[in-house]
There are 2 protein chains.
Amino acid sequence: MTMSNTGGRRKPPTIHDVAREAGVSRGTVSRVLNGGHYVSPAAQEAVNSAIRKTGYVVNRHARSLITGRSDSIGFLLTEPQERFFEDPNFNVLLSSCTQALAAHDIPLLLMLAGTKDERRRITRYITAGHVDGVLLVSSHSGDPVAEELREAGVPLVQCGKPMGSGAKVSYVAADDRDGARDMVRHLLSLGRRRIAMVSGPLDTPGGVDRLAGYKEVLTDAGIAIDERLVVSGDYSRASGEAGAERLLAQAPDLDAMFVASDLMAQGALAALARAGRRVPEDVSVGGFDDSVAALEATPALTTIRQPYDRISAEMVRVLLAQINGEDPMAVILPTELVKRDST
Amino acid sequence: MTMSNTGGRRKPPTIHDVAREAGVSRGTVSRVLNGGHYVSPAAQEAVNSAIRKTGYVVNRHARSLITGRSDSIGFLLTEPQERFFEDPNFNVLLSSCTQALAAHDIPLLLMLAGTKDERRRITRYITAGHVDGVLLVSSHSGDPVAEELREAGVPLVQCGKPMGSGAKVSYVAADDRDGARDMVRHLLSLGRRRIAMVSGPLDTPGGVDRLAGYKEVLTDAGIAIDERLVVSGDYSRASGEAGAERLLAQAPDLDAMFVASDLMAQGALAALARAGRRVPEDVSVGGFDDSVAALEATPALTTIRQPYDRISAEMVRVLLAQINGEDPMAVILPTELVKRDST
DNA sequence: CTGAAAGCGCTTACAG
DNA sequence: CTGAAAGCGCTTACAG
């Protein structure tokens, strides 16, 4: 028992050690490990106390070898990383997915596949069965990785509605269109009538749907859509700044701006400040996301909250269900208007 | 061969399939997989082409079961996550570590252990051998996890100099003290004489060392240290704002601020703007990190660049060496002054 | 240089 | 409810 442990790693106890300690067979130990079905209370008890005593932790490799499952999940980013890492939403998503999985004792493998080469390597790794399923963060349409994984039958859930074909892919998304509607209605309720919009990229669902919500509410209010009031950015801060500048040039009489992400709204705020427009006195500004960027902005941004904690939890739930044989499904979560100082 | 693949996952080829295809034994296949020693060129060739043909990918679980290695690395965060996720440096670190490991075909497991419970669970997981080594991001002194892992003999490298005991732990860090010296010298060269500092937390090495560099240069320049010119924050934006406000109250005649992180400097900039001080005309402001926060700031921040790409690469290199039996080592990387518009 | 064989630590029918 | 046994896919001495 008194093993000389000179810095090296001890050999961990195996199921065999537990069985000996508990006075049962390895099969019985395995049974209590896997749910305790068909095990007598006495054996159950003996095994549990032996596990505590030995400090036994299951060897996942041995288990995976036989079950054919890896008991791990991949978190895959298939686009240039800068975009995601710049975006505060990404952090929230990554950390809450990690936590949701931790609750199931499932480790998360982070996979970055920004280049073609990396995508090939990682697709191979995944299809070889090294993870049981994939949480995919990729907004653009026609992502080849998503398609390949789907064809290979890898359980998959996307964050955000996929643009592409109506293929049966699971996804979890906030209700972009409804969020946009809420924001524009709020702006209208403030008496604003020349409401501009900086949308997201129009090859992403968030870009398209938020713009659609904007147009819908204005039209319903009897306000004609003025194309000079609409520009689009790429969700980066810089593009929000450029977009706002363009709007100020095209439509100097604007009295509100709905910007499709908080980060872009930060940029818009900078452009407005430079142009000498006061926020919210002269121009009301609404963002989208309710990320830390909304609070960091000056003034603090009125925005549409995307429930990223719930999104992550649902992504994990849907993926786990799919791994267990359930069919794909889409989950749409409601957003919420958060009023702060910019409107 | 024409297996009906109704959406399910095909059973991947095994070493046995490759052996049959190549007309050799499984042992020989394994040998070429593991470096090709003691294999004839002909066999080598046959096996490689069989691998291509079958699309074989090694089953890591089977391999790990026998080698006793997991062929994966953990990236462990032992503090409340908000801190790290708010900090843009963290993203850079995480993504470049992932990439550095990908080059070795080693997957990275993300591990968040913000609470005591999680720390216990994860320590257990790690010491059970589920990862071969750990990249640890934890700045505070006396982190119990670091200590436990070290005692268990788990290969470990920390990001940043550990505060605690002079224990033999590997770490990789930027030269904080030297970076601080460069910044303060730069401020002096601009003619500034009432240079204030917002330091980091004084229970972190970055907090202590950057402050030491500041004091050293001033003293060398024959300027007495004025304690009213020194406050400390916790690296958050808010604490930078609060710190700058305190400085302005305590020492209204200050003509420069050296702020120990770009994020805090953003906050300081906001406080200065509110106080009506122009940057850099009235007050020169220097940051630290050269994170995206430096570029997002208005005006763009003069700062000290921490080479996070190199830091990550070195962390991975040192960890891999340690896994292969090498002794721990510390690596200190030089910083660089980046001049922008705030000084 | 190469094949046959043992064994890594676990799970799971199969008998009882 | 429980034990004995087979087998998951690989690596590695061991003979040749």
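Chain naming here is simple, since letters A, B, ... match the order of the sequence lines and numbering starts at 1 in each.
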What orientation do B:Phe75 and B:Phe90 show, parallel under 30°, tilted 30 to 60°, or perpendicular over 60°? perpendicular
Taking DNA chain C as the partner, which of residues 24-31 of chain A come within under 4.0 angstrom of it by heavy atom? A:Arg26, A:Gly27, A:Ser30, A:Arg31
Looking at residues 42-51 of chain A, who's got a heavy atom less than 4.0 Å off DNA chain C? none
Please tell me if the side chains of A:Asp132 and A:Asp71 come closer than 4.5 Å, counting only heavy atoms from C-beta onward. yes
To the nearest Å, how far apart are B:His61 NE2 and C:dT11 P? 14 Å
Would a 4.5 Å heavy-atom cut-off, applied to side chains only, mark A:Val331 and A:Val157 as touching? no
Does some side-chain heavy atom of B:Ile73 sit less than 4.5 Å from a side-chain heavy atom of B:Ile323? yes
Please tell me if A:Asn59 has a side-chain N or O lying less than 4.0 Å from either OP1 or OP2 of C:dC10. no
Taking atom C1' of D:dG9 as reference, at what distance in whole Å does atom CG of B:Leu33 sit? 11 Å
Sorted by chain and number, sequence neighbours left out, ring-ring contact (aromatic ring centres under 6.0 Å, His included) with B:Tyr56 holds for none
Identify all side-chain donor-acceptor contacts of residues 14-21 of chain B below 3.5 Å with residues at least two apart in sequence or on another chain.
unit_1: B:Thr14; atom_1: OG1; unit_2: B:His16; atom_2: N; d: 3.0
unit_1: B:Asp17; atom_1: OD1; unit_2: B:Arg20; atom_2: NH2; d: 2.9
unit_1: B:Asp17; atom_1: OD2; unit_2: B:Thr14; atom_2: N; d: 2.8
unit_1: B:Glu21; atom_1: OE2; unit_2: B:Lys53; atom_2: NZ; d: 2.9

Under 3.5 Å, is there a donor-acceptor pair between the side chain of B:Ser170 and the main chain of B:Ala330? no
Nearest-angstrom distance from the residue atom CZ of A:Arg20 to C1' of D:dA4: 18 Å
Would you mind reading off the distance between B:Asp17 atom CG and D:dC8 atom C1', rounded to a whole angstrom? 14 Å
Does the side chain of A:Leu108 come within less than 4.5 Å of A:Ile106's, by heavy atoms? no
OP1 or OP2 of C:dC10 less than 4.0 angstrom from a side-chain nitrogen or oxygen of A:Tyr56, does that happen here? yes
Note every stem involving DNA chain C: at least three consecutive Watson-Crick or G-U wobble pairs, i with j then i+1 with j-1, with both distances under 3.5 Å. C:1-3 with D:14-16, C:5-12 with D:5-12, C:14-16 with D:1-3
A:Tyr38 OH to C:dC14 P, straight-line distance once rounded to whole Å: 14 Å
Does the side chain of A:Pro107 reach to within under 4.5 Å of the side chain of B:Met111, using non-hydrogen atoms? no
Quick check: does any side chain N or O of A:Thr98 sit under 3.5 Å from a backbone N or O of A:Leu94, one acting as donor and the other as acceptor? yes
Using a 4.5 Å cut-off on heavy atoms from C-beta on, say whether the side chain of B:Leu109 contacts that of B:His130. no
Kindly indicate whether the side chain of A:Arg121, heavy atoms from C-beta on, has any atom under 4.5 Å from the side chain of B:Asp105. yes
Heavy-atom distance under 4.5 Å between the side chains of B:Tyr38 and B:Thr28, does that happen here? no
What is the distance from NE2 of B:His16 to C1' of C:dG3, rounded to the nearest Å? 13 Å
Examine distances only and state if a side-chain atom of A:Ser72 and a backbone atom of A:Val131 form a donor-acceptor pair shorter than 3.5 Å. no
Between CG of A:Asn34 and P of D:dT2 the distance, given in whole Å, is 15 Å
Between residues 62-71 of chain B and DNA chain D, which residues have a heavy-atom gap below 4.0 Å? B:Ala62, B:Arg63, B:Leu65, B:Ile66
Please give the distance between the C1' atoms of C:dT12 and C:dG16 as a whole number of Å. 16 Å
Please give, in whole Å, the distance from D:dT12 P to B:Ile15 CD1? 11 Å
